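Below you'll find the structure, written out as structure tokens, and then a few comments.
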Amino acid sequence: MHRVRQAALFIVITGFALLAAGCATAGSAPSFTYAPPAAPSPTGQPTSAPTASPSASAAALSPSPASGATVSLTEWKVTIAGTVKSGKTDLPITNAGVAPHELLVFKSDLDPSAYPTDAAGDIKEEGAGVTLVSDGDNIDPAGAQTRSMDLAPGKYLFVCNIPGHFKQGMFIVVTVAP
């Protein structure tokens, strides 16, 4: 009976995580609503003013990433929207999956299949021929973080190196141009 309760709880939590990920608006553009001024009141003042939706207000207060790129992590996939440019950048990362993920950024001219791995097939973070440029905390489902990086032109591997994830193909090769 205890296993049945655990399974039911897992299904409910997974459902909420999927619902939260599906309802998230992190990838959409902020909206702005403008109501034209109404006819002047007898005092000569307009009766309405422009209004902004909450998402537009939050977007106006938060700094935008320097490169305009964003990273999304899902099961066995790393995707990048926008262009990753050389120089200092704040890179927003979201986990749209149902499992925890991480993002490691390596600089190397090696093909991903040539990266140094351990017996389990996970990348050796201090292996020969690769330089770990950025590492952060694991990101829970529906979670996000912003990573500050200074990227030189070259070839990079953006990868989730949680055990088994690299082996499942959860990476993308990124070429950063000058």
Side-chain angles (χ1 to χ4, degrees), residues 6-33 52-108 111-113 115 117 120-123 125 130 132-151 154-177:
Q6 282 182 323
L9 181 60
F10 175 77
I11 291 170
V12 169
I13 290 172
T14 302
F16 280 127
L18 288 172
L19 180 64
C23 293
T25 59
S28 64
S31 62
F32 184 79
T33 306
S53 69
S55 62
S57 300
L61 296 176
S62 61
S64 62
S67 68
T70 60
V71 176
S72 179
L73 308 171
T74 58
E75 278 58 56
W76 328 135
K77 193 172 184 182
V78 176
T79 56
I80 298 179
T83 303
V84 179
K85 298 179 183 174
S86 64
K88 292 182 180 181
T89 186
D90 291 332
L91 191 63
I93 307 159
T94 58
N95 181 355
V98 295
H101 294 296
E102 69 175 348
L103 182 72
L104 300 182
V105 178
F106 290 96
K107 187 170 192 310
S108 177
D111 187 74
S113 63
Y115 267 59
T117 57
D122 302 315
I123 295 175
E125 296 178 9
V130 298
L132 181 60
V133 175
S134 180
D135 185 4
D137 295 332
N138 289 358
I139 306 170
D140 290 327
Q145 65 180 235
T146 298
R147 192 88 54 80
S148 293
M149 291 184 255
D150 191 1
L151 301 174
K155 185 174 159 187
Y156 292 84
L157 186 72
F158 286 47
V159 60
C160 178
N161 204 33
I162 287 180
H165 292 204
F166 172 67
K167 197 172 178 178
Q168 291 287 336
M170 193 169 174
F171 62 86
I172 189 169
V173 175
V174 177
T175 301
V176 175

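Heavy-atom basis, side chains included; hydrogens, waters and symmetry copies ignored. Just so it is clear, the model here is predicted, and its values are computed rather than measured.
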Worksheet item: Side chains of I172 and L157: closer than 4.5 Å at any heavy-atom pair?
Response: no
Practice prompt. Would you indicate whether the side-chain heavy atoms of V130 and K107 approach each other to under 4.5 Å?
Written response: no
Fill in: Candidate pair N138 and H101, rule side-chain contact (heavy atoms from CB on, under 4.5 Å), full reasoning
CA-CA 6 Å; N138 289 358; H101 294 296; over 6 Å; no
Practice prompt. Answer yes or no: is there a side-chain heavy-atom contact under 4.5 Å between V159 and L103?
Written response: no
Worksheet item: Who pairs with A177 by side-chain contact (heavy atoms from CB on, under 4.5 Å), at least two apart in sequence or on another chain?
Response: none
Fill in: Counterpart residues, side-chain hydrogen bond (donor to acceptor under 3.5 Å, both in side chains), relative to T146 (two or more places apart)
none
Worksheet item: What about F171 and F166, are their ring centers closer than 6.0 Å?
Response: yes
Worksheet, complete the sentence: Hits for side-chain hydrogen bond (donor to acceptor under 3.5 Å, both in side chains) against Q168, two or more places apart or cross-chain, chain-then-number order -> none
Worksheet entry | Side-chain touch T94/T70, heavy atoms, less than 4.5 angstrom | no
Item to complete: Might you work through the side-chain contact (heavy atoms from CB on, under 4.5 Å) test for N161 and E102, ending with a clear yes or no?
Response: CA-CA 7 Å; N161 204 33; E102 69 175 348; 3.3 Å; yes
Worksheet entry | Note, I93 side chain near I139 side chain (heavy atom, < 4.5 Å) | yes
Discussion item. Would you say that Y115 contacts F106 through its side chain, given a criterion of any heavy-atom pair below 4.5 Å between the two side chains?
Written reply: yes
Worksheet item: For S134, which residues count as a side-chain hydrogen bond (donor to acceptor under 3.5 Å, both in side chains) partner, sequence neighbours excluded?
Response: R147
Worksheet item: What pairs meet the ring pair (Phe, Tyr, Trp, His ring centres under 6.0 Å) rule with one or both residues in residues 73-95, with sequence neighbours excluded?
Response: W76-H165
Worksheet item: What residues, two or more places apart in sequence or in another chain, satisfy side-chain hydrogen bond (donor to acceptor under 3.5 Å, both in side chains) together with S113?
Response: D111
Discussion item. Do L91 and V71 make a side-chain contact, defined as non-hydrogen atoms from C-beta onward lying under 4.5 Å apart?
Written reply: yes
